[in-house]
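Worksheet for the structure shown next.
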Amino acid sequence: MTIEEKYRSWCEHAVEDADVATELREMEQDEAKKEDAFYRELAFGTGGLRGVIGAGTNRMNLYTVAKASQGLADYLKRHEAHPSVVIGYDSRIKSDLFAKVAGGVFAKNGIKVWIWGQLMPVPTVSFATRYLKASAGVMVTASHNPSKYNGYKVYGADGCQITTESAKEILAEIEKLDVFADVRRETFENGLEEQLIEYIPDEVYTAFVEAVKGESVLFGDPVQKDVAIVYSPLNGAGLKPVTRTLKELGYTNITVVKEQEAPDGHFPTCPYPNPEIREAMTLGMGYAKKCQADLLLATDPDCDRVGIAVRNREGEYELLSGNQTGMLLLDYICSQRVRHGKMPEDPVMIKTIVTMDMGERIAKHYGVRTINVLTGFKFIGEQIGLLEKQGKADSYIFGFEESYGYLSGTYVRDKDGVNGASLICEMFSFYSAQGISLLDKLEKLYQTYGYCLNTLHSYEFEGSAGFAKMQEIMQKFRSGVKNFAGKKVVELLDYAPGRDGLPKSNVLKFLLEDGCSVVVRPSGTEPKLKLYISVSAPDKSGAEAVESAITECAEHFLR
Ligand SMILES: O=P(O)(O)OC[C@H]1O[C@H](O)[C@H](O)[C@@H](O)[C@@H]1O
């Protein structure tokens, strides 16, 4: 079908959602808009389906969600006699609608549905899928993307986001379908009445909170639980689970950022609700200053990421990167386990290839083995599953990503902002009781393992033209870069054909002299090209100078 034919078909059939119908009418004379909306189908990327909410095959709308659900239903029915699915959703625009549409499709296909009765974090979908022994889980969210996005993450029965092979199979099922003719769906209300759809009981939520609380590595050590914590759920799903868990863990002094407390998919005070981005933390930092807080925490809308800021000696708040927080947590978990004789046999830490290599050095110091995987926490979850199959689930002590994702247990198979927030508070309070700040601790780590600066630069390439441009840039990088700002390329690791036993992925890692590296890859969740730079140097200012020279050099390839 041509773009115009697809457009006409949508005008005829996509009448149920008034917003979609209006948008279709409005793009009638706008060829560029039509092309962008229809030039491709939304594909499964790093985090499942993800796209801008709106009209068309390349958009998140009730039709593309229903089609994906039908494809998933067909896949599940092919694999299982009596499949069941857990569904969750966050505060994003139309998240609840898409969750109900998905529920209606599964119900019509005879698949039992368990749905959370209110917005919930991503990890609770992973948890409930395992707890209820469901065949799959679906989370409607676009995680940390701006408000115009939504998405659809799919989990397997093990609570892990589906990885490359299953994604391919599901995608093949989806591609067989006509978005209008082949989708079977009933109303959510009918599904409820027929008891094909049921709300997930409270007991599951409580079990999740208990599992998170069980991840403490204090082992009886004293901590100061009256530290002043400012918390922002960034208008997302974290509010209830994070505050409940922290309170039950005994933290007594928590202030929630009022403007970012209520769920709101428009994210009025933080258009880009990603704790990686300074602006998302600005309001929280203002609150922290006002309350003289010790620690600021913010979780993203689906509460799988957590960002932090801590007060420095001058009374200002400093943001910590995902790498820094991850390293601190890794060191804290390892040191506590060693001190209390709780380190398992053959301990394992898992991180991604774009996550700071210094993590590996810390792990080694404690006798912990590191497994490196591709970007995406699903690959960390997958490794936990493999350890479990070998009867070694207890070996897993921690997994983290530079993109602010942490998980210290096996009770879920995705990063967990509730677990991250609780561990960070515990680590903070533990050191605080000894008069040590997280910044001091970080300094100590640098002294022990060598100073290392890791930065991430992202460049937006929107739409079909942007997509093509990113491919072109990757080719330019691929074809023979000899040095970056005078630092010789010692080795180029190209992950496109697959390497180190990892699935094929469009990622290039340049190992440079002096322990520096540059990684470049198109994001799987946003229309962006990402550049990860790692610089080892004697001190911060030296590292910053090298980093900016390398960045400037790498940016030449983006033109
Ligand atoms: O770099 P991207 O492909 O956009 O992915 C960045 C991150 O996106 C999501 O949060 C995934 O769950 C993470 O596992 C991933 O690291």
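Note that ligands are numbered from 1 as they come in the structure, with each ligand's atoms numbered from 1 the same way. Reckoned from all heavy atoms, side chains included, excluding hydrogens, waters and symmetry mates.
A salt bridge does not link Asp158 to Arg413: none of the charged side-chain nitrogens sits closer than 4.0 Å to a carboxylate oxygen.
A salt bridge (Lys or Arg N to Asp or Glu O under 4.0 Å) check over residues 119-135, counting only residues at least two apart or in different chains, returns the pairs Arg130-Glu388.
Short contacts between ligand 1 and Arg521, defined as distances under 4.0 Å to a heavy atom of the residue, involve ligand atoms 1 (O), 2 (P), 3 (O). Annotation for ligand 1: atoms under 4.0 Å from non-hydrogen atoms of Ser403 are 7 (C), 15 (C), 16 (O). Shown in contact with Lys415 at under 4.0 Å from a heavy atom are these atoms of ligand 1, numbered in order with element: 9 (C), 10 (O), 11 (C), 12 (O), 13 (C), 14 (O). Under a 4.0 Å criterion applied to the non-hydrogen atoms of Lys530, ligand 1 contributes the atoms 1 (O), 2 (P), 4 (O), 6 (C). In summary, the atoms of ligand 1 found under 4.0 Å from a heavy atom of Phe377, numbered by their order in the structure, are 13 (C), 14 (O). Under a 4.0 Å criterion applied to the non-hydrogen atoms of Gly524, ligand 1 contributes the atoms 2 (P), 3 (O), 4 (O).
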Side-chain donor-acceptor contacts of residues 552-559 below 3.5 Å, not counting sequence neighbours, with atom names and distances?
from: Glu555; atom 1: OE2; to: Tyr459; atom 2: OH; distance (Å): 2.6
from: His556; atom 1: ND1; to: Arg559; atom 2: NH1; distance (Å): 2.8

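The closest approach between any non-hydrogen atom of His144 and ligand 1 is below 4.0 Å. At least one heavy atom of Gly376 lies less than 4.0 angstrom from ligand 1.
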Verify ring pair (Phe, Tyr, Trp, His ring centres under 6.0 Å) between Phe400 and Phe398, making sure each step is shown before the conclusion. CA-CA 7 Å; Phe400 80 106; Phe398 190 52; 5.7 Å; yes
Side chain to side chain contact (heavy atoms under 4.5 Å, CB included) between Asn506 and Arg521: does it pass, once the steps are laid out?
-> CA-CA 6 Å; Asn506 194 8; Arg521 59 179 281 274; over 6 Å; no
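Atom CD of residue Gln324 and atom CG of residue Leu438 lie 10.5 Å apart, to the nearest 0.5 angstrom.
With a 4.0 Å heavy-atom cut-off, ligand 1 is reached by no atom of Lys378.
Ring pair Phe98/Tyr152: centre-to-centre distance not below 6.0 Å.
Donor-acceptor pairing under 3.5 Å is lacking for the side chains of Thr355 and Glu401.
Checking only distances, Glu402 never comes within under 3.5 Å of ligand 1, N or O to N or O. Looking at Arg305 next to ligand 1, an N or O pair under 3.5 Å apart turns up.
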